[in-house]
Amino acid sequence: MAEIKLIVNSKEVFARDPEQTLLSFLRDGLGLVGAKDGCSRGQCGACTVIIDKKAVRACTRKMKQLEGAVVETVEGLAQNGELHPLQQAFLYCHAFQCGFCTPGIIMASKALLDADPHPTDDQIKQAIKFNICRCTGYKQVIDAVRLAIEIADGATKLDVFDNRGWVGDNPVVKNGVERVMGQPLFTDDFHIDNCLQGRVVFPAYPHAKILSIDCAEALKQPGVVAIATHKDIPGKKFFSQELFPQQILAIDKVRFIGDPIAVVYAESAQQAYDAMPFIKVEYEVLPVIATAEQGYDPESCRVHEEYPNNFANRHVQKGDVERGFAASDVIVESDVSVGTLEHGRLELDAALAELDEKGRLVVYGTGQNPSHMRHDICKAMNLTEEQIRLVTRPAGGAFGKLEDLVCHIFAALGTMMTKRPVRVTLTRDEVNAYTTKRHALKFHYKVGAAKDGRILAMQTFTLGDTGAYSSLGDFLNSCTATMGSGPYEAPNVDFNSHMMFTNNPIAGCFRGYGSTQVSVAVETVLDQVAEKLNLSPFELRRVNGLSSGKQTPSGQIIEYSCGFHDTINAVQTAFEKDGLPAPSAPGKKVGFGVAGGFKNMGFGNGMEDGAGCSIDLRPDGKFQMYTGGVELGQGHDTVVCQIAAQTLGVPYNDVDIGPVDDDYSPYAKGSTSASRMTYCSGNAARTCSIMFKDKLLKTVGGLAGVSPSAIDMGKEGIVELKADQLLMTYAEAAKLIADNNASVKQEYYYVAGECHAPCDDNNNIDMDMINHRIHIAYLFAAQVAVVEVDEETGKVKVLRVYVSNDCGRAINPAMVEGQINGSVVMGMGYALSEKFEMEDGYIKTKGYKQLGLPTSLEMPEIKAFLIEENHPFGPYGAKGLGEMALNPTAPAILNAIYNAVGVRVTSLPVDPKKLAAAIKGDKIYR
Ligand code: FES
């Protein structure tokens, strides 16, 4: 076979398989893993490289098309140890979070700048329109490209590794250089010799009994080494986050179209797929529960014989809701429905497993809850926790999806069966089918208010679809009930939430976790209350907004750190200063909408909110940290290093942090979720640093014959206080400690303050304030969205979003801004374009593009204002942010649409055709 000759990063290389994609050739053939595979069909842009000066998605090109081509990848950008201006600028501007999209976006930007060194902002947006970034909201990406132009022109010179780095600074993120250089970070980037490929077999029907599974013919197919069914699982055949277990591999029934039946382990992925049709499965097809309403009908067939479909109910009650309605001057009722949604994280789910030299099972993969994952893997494999090492890799976005196990057990099972390394990866369609989604919820709200705007009564009925298994559906049900009034005080409430099993994909954690859906219902119904009372939407929210001393529906008194009113004032002032723009053309209308939002920090509800941390002094004089929190792109590692650096009094660049790894990390319980890691890991890092400092000074003082009180930690080493001079560098201190067989390693496990599960009786709380504290802290937000609606087509363009957030002290303001920008664009997608469609349990939404994720072209102008209402027990006053900025965006956009064209949208996302019909028709969009 003739070889195909091409140039990659200035080197001549040869390909032999004309049908191989360029992406596969780069990653598998040349080990250039900077180009990422997020969809395999040219829809995500993560594999963008430059071919003959043009940005091209590498998965769309076959090698037979590339004879003589000149290919540039991200690995070729840095020259002579110096980062390319784009790489420097992306680092400096915090233009990435998880970094999975970053090499592709950098290459698309480079192709643009090579062709036109001074493009406009619109040209930059056009150049990256095929590169989806789920994290950043694109704003800091555009900023970075602009900065790169200045660097290339010589107008700006950057020192990206300057001395920034303590609390309130914006240092370069940990592992940032690897991200902009496309170096291996993600699970699928690592090569292990002799590795088998595991691929998962999914059912033909969404609801069916399994009568038999016959793998005999499939086992004879070329390259197949083993096939696992439930019979091959040596231990527990279920995993779970709650009381309701999920089967690992189908036992006698499948309950949704992504319920795995078997895993084929073969020498190549293609061989595994080729063998799948030879697996014979006999089914007895059952009726499908396709909606929450069908699940609510007690006559429907059960998804789980042992539980009713209506498996979780929560009732939160306070005061006398009927008396409240009777006293109300206005009553508004509203039905709102929000659909299932895919997280759309770019990285395809993957896991690797192997046996180490001691015969221990080592599992590599991403995950938000390593301690729980380790527990589930051990139970399934019948191993003790000492017989397994879990190594958590950085994630290409998470947004809650990685709370649940995906490929880990399948990879572990393959290794235990074959004694060989095994990699299991899902395709994009398999991610859509198997992995968790945002809960679809239907709300009925009834709100009564007095003339002056005070809410007097609130009643809700909520119906949720958790899919075939619960994941954390029961707990989410609790959230929709306890947070049912949004960030507002209501003296009389009666909130009922029900969660249904259906035959749809499993719903699980997704940024906001119930509070996001509630926000759409509360904020749109309050807009109607304001209109009926002829009150400004800002004023109505101020009248009812929570503040210190006010009470949530579940009876919790807000004790401190509540900046909600300041967030409303900030966005109102900024919006009114700018005013509404004029419509861009006849037939278009502009409008604005307001929404508030809040989100709990931490699990609360009686669960422990804790985090572990360890610090040691390395031989090179740097400080090595490990925590139980996982870096998911949200900035966990950077934030805890900033906190430790400041507490120790040393440069940020001298503090390193490793991944969550059983060989090194301290004990950690609970997941990286619920906006809790800045608070919990940050407090762990701060206290651990204080303890470490004390230990270091005592140890070094003792060994050097100096009183510990006479020395301190300085930026370069241990200093003598009286003489104000360096006693020894940290490397010298490390040597002194090692030479004397001493150790200064410090571990610490932080547990946040007491909180409790919601009480049944939320009245008469005066004597019982602590027992009604269900969360340690709350985060608050307000937004104003400005939209333009085309009355003819129903198309909505979000022009501007004013955002204000109370996150406590901002440890890293640039990363806070990144979370805000990403949340706003995600919220805009939730309102206008994102959908995940199913029909009778079958998935209609295939691929990645079809998810409707916003691109750079839809990016609105975002004006952000931070309200740093410090929390008395947060690390340096911090609370957190990751989810809260998302909550107000969708309802603010819906309220803005109403303000523009007088149509009240009651279901998401807004379909232009339906909106156009409603504009011409009954003014209600359902
Ligand atoms: Fe772009 Fe995560 S940084 S997808």
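As the structure lists them, so they are numbered: ligands from 1, and atoms in each ligand from 1.
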Single hit among Arg27, Arg393, Gln183 for side-chain hydrogen bond (donor to acceptor under 3.5 Å, both in side chains) with Asp189:
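Single side-chain hydrogen bond (donor to acceptor under 3.5 Å, both in side chains) partner of Asp189 among Arg27, Arg393, Gln183: Arg27.
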Quick one: ring-ring contact (aromatic ring centres under 6.0 Å, His included) partners of His408, sequence neighbours excluded?
none
Taking the cut-offs as 6.0 angstrom to the six-membered ring centre and 45 degrees off its axis, would you call Arg438 and Tyr830 a cation-pi pair?
yes
Within less than 2.8 Å, report the number of protein N/O/S atoms around atom 2 (Fe) of ligand 1.
2
Please list all pairs meeting side chain to side chain donor-acceptor pair (under 3.5 Å) that have one or both residues in residues 89-101, counting only residues at least two apart or in different chains.
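Every pair satisfying side chain to side chain donor-acceptor pair (under 3.5 Å) with a residue in residues 89-101: Gln97-Gln819.
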Show me the pairs that pass side chain to side chain donor-acceptor pair (under 3.5 Å) and involve residues 126-138, at least two apart or across chains.
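Pairs touching residues 126-138 that pass the test: Thr48-Asn131, Gln126-Lys129, Arg134-Glu834.
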Donor-acceptor pair between Ser671 and Glu403 side chains, under 3.5 angstrom
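A donor-acceptor contact under 3.5 Å links the two side chains.
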